[in-house]
Amino acid sequence: MAAITSTPAPLLHSTVLDWYEANARDLPWRTADASPWAVMVSEFMLQQTPVKRVLPAYAAWLERWPTPADLAADAPGEAVRMWGRLGYPRRALRLHAAAVAITEQHGGRVPDDHAALLALPGVGEYTAAAVASFAFRQRHVVLDTNVRRVFARAVTGVEYPAQATTAAERRTATEYLPATAETAATWAVGVMELGALVCTARSPECGACPLRGHCAWQRAGRPPYEGPARRGQSYEGTDRQVRGKLLAVLRDAHGEVAQERLDAVWPEPVQRARALDGLVADGLAEPVAPGVYRLPQ
DNA sequence: TAAGCGTGGCC
DNA sequence: TGGCCAAGCTT
């Protein structure tokens, strides 16, 4: 293992835990009365969407659907509408499907078992570990983009992690995971918070970092990233942009939408048709008659 | 495995 | 200004 091993793990743990206690943001899904369902809703919304934009959507969502059964009883299209402009609306569909599965297969209670969580729609390795850890205080490796970046810097000594999660990363994170469940759960959220607030992607505040005396990247003089070019996210002119425009019309409509209103959002007919077909294939739009669409019922 | 999938804010 | 990034998942 890399240079950070010069620091005993218990010291590292208390360093991060102390920092977290003093600097943690006051987020609604972290309060003692946040239900497992609330934690799960927050995790779905936070997949690729910043905290600031999630906050109001999270509150409105739980106000309307305080339990999985409440959401399951409503139409998936309502979930898509409530999702608003959070982006990646398939997450809304999957959260609805997860609520149905929880209602039908788990007695309406979010399962506390990692494997059962992983089996739910829209729940991958990260989200399963996050819900099990944050909501049920279990011991899991919680490896998100923040944690990966902190380990890349502090342990490996490079500015950014690889594009895809590697077995070596998982091994490192496992080695540093505190032995006690409760401590591990706080460590997980603490490292994430450190990555989100201090060890940020573009302008890390190393001067304010509790790990600066233990950080391999700092010790190496903070060398810039040298790996292959990181994949960008083009958007302008893509099908994604067209899908977004089409779905915005469907979302804002009360019921059925005529083809002409969809046609108005994008001039190029081939791409427009492909995007609409994609929405239908994904279950985000529903044809009700030739040339008439709506959100899924 | 790598590409596809929204949206907005920041430097 | 515009590329980069944001608590990923699915195929």
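Every heavy atom of this structure was used, including side-chain atoms; hydrogens, water molecules and symmetry mates were not. Within every chain, numbering begins at 1; the chains are lettered A, B, ... in the order of the sequence lines, protein sequences first and strands thereafter.
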Colleague: With a non-hydrogen cut-off below 4.0 angstrom, is A/Val147 in contact with a base, only sugar-phosphate, or nothing?
Modeller: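 The residue A/Val147 makes no contact with any strand.
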Colleague: Measuring from A/Gln241:CD to A/Arg243:CZ, what's the distance to the nearest 0.5 Å?
Modeller: 13.0 Å
Colleague: By the 4.0 Å heavy-atom rule, please label A/Ala130 as base, sugar-phosphate, or nothing.
Modeller: nothing
Colleague: With a 3.5 Å cut-off and no angle check, do the side chains of A/Arg261 and A/Tyr293 form a donor-acceptor pair?
Modeller: no
Colleague: Does C/dG3 have its OP1 or OP2 closer than 4.0 Å to a side-chain nitrogen or oxygen of A/Ser234?
Modeller: no
Colleague: In whole Å, I'd like the distance from the CD atom of A/Glu159 to the C1' atom of C/dC5.
Modeller: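 Atom-to-atom, A/Glu159 to C/dC5, this comes out as 13 Å.
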Colleague: Across the strands shown, which category fits A/Leu118 at heavy-atom distances under 4.0 angstrom: base, sugar-phosphate, nothing?
Modeller: nothing
Colleague: Without decimals, in angstroms, what is the distance between A/Leu197 CG and C/dA7 P?
Modeller: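 Spelled out: CG on A/Leu197 to P on C/dA7 is 10 Å.
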Colleague: Taking ring-ring contact (aromatic ring centres under 6.0 Å, His included) as the criterion, tell me which of A/Trp37, A/Tyr58, A/Phe134 meets it with A/Trp29.
Modeller: A/Tyr58
Colleague: Quickly work out the A/Met45 CE to C/dG8 C1' distance and round it to whole Å.
Modeller: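 The distance from CE of A/Met45 to C1' of C/dG8 comes to 15 Å, rounded to the nearest Å.
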Colleague: Using atom CD of A/Glu125 as one end and atom P of C/dC9 as the other, report the distance to the nearest whole Å.
Modeller: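 Nearest whole value for this atom pair: 8 Å.
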Colleague: Taking for each residue the nucleotide of DNA chain C bearing the nearest heavy atom, is the 5' side occupied by A/Ser42 or by A/Leu120?
Modeller: A/Ser42
Colleague: Please give, in whole Å, the distance from B/dG4 C1' to A/Arg274 CZ?
Modeller: 12 Å
Colleague: When you group the ILVMFWY residues by side-chain heavy-atom contacts below 4.5 Å and let the links chain together, are A/Val257 and A/Met82 in the same group?
Modeller: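 Each belongs to a different hydrophobic cluster.
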Colleague: Measure from CZ on A/Arg25 to P on C/dA6 and round the result to the nearest Å.
Modeller: 12 Å
Colleague: Output, in order, the C-alpha distance, side-chain angles, deciding distance and verdict of side-chain hydrogen bond (donor to acceptor under 3.5 Å, both in side chains) for A/Tyr126 and A/Glu43.
Modeller: CA-CA 9 Å; A/Tyr126 161 76; A/Glu43 290 302 335; 2.8 Å; yes
Colleague: In this structure, how many angstroms lie between the C1' atom of C/dC4 and the CD atom of A/Gln163, rounded?
Modeller: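 My rounded result for the distance is 13 Å.
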Colleague: Return no unless some side-chain N or O of A/Arg149 is found under 4.0 Å from OP1 or OP2 of C/dA6.
Modeller: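 For C/dA6, OP1/OP2 do have a side-chain N/O of A/Arg149 under 4.0 Å.
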Colleague: Please state the P separation for the pair C/dC4 and B/dA3 - nearest whole angstrom.
Modeller: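 Nearest-Å result for C/dC4 against B/dA3 at atom P: 15 Å.
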Colleague: Between B/dA2 and C/dA7, how many Å separate the two P atoms, rounded to a whole number?
Modeller: 23 Å
Colleague: Counting any heavy atom closer than 4.0 Å, what does A/Trp83 reach on the DNA or RNA strands: base, sugar-phosphate only, or nothing?
Modeller: nothing
Colleague: Can you confirm whether more than 12 heavy atoms, excluding those of A/Arg137, are under 6.0 Å from its CZ atom?
Modeller: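 Check passes, neighbour count above 12.
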Colleague: How does protein contact run along nucleotides 5-11 of chain B, one letter per nucleotide 5' to 3', with B for base contact, S for sugar-phosphate only, - for none, heavy atoms under 4.0 Å?
Modeller: BBBSBB-
Colleague: Between C/dA6 atom P and A/Asn146 atom CG, what is the distance in whole Å?
Modeller: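 In whole Å, C/dA6 P and A/Asn146 CG are 7 Å from each other.
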Colleague: Check this for me, if you would: do A/Asp70 and A/Arg64 make a salt bridge, where the nitrogen-to-carboxylate-oxygen distance has to be below 4.0 angstrom?
Modeller: no
Colleague: Kindly compute the distance separating CG (A/Asn146) from CD (A/Glu193), expressed to the nearest 0.5 Å.
Modeller: 8.5 Å
Colleague: If I pick the C1' atom on C/dT10 and the same atom on B/dG8, what distance separates them, to the nearest angstrom?
Modeller: 24 Å
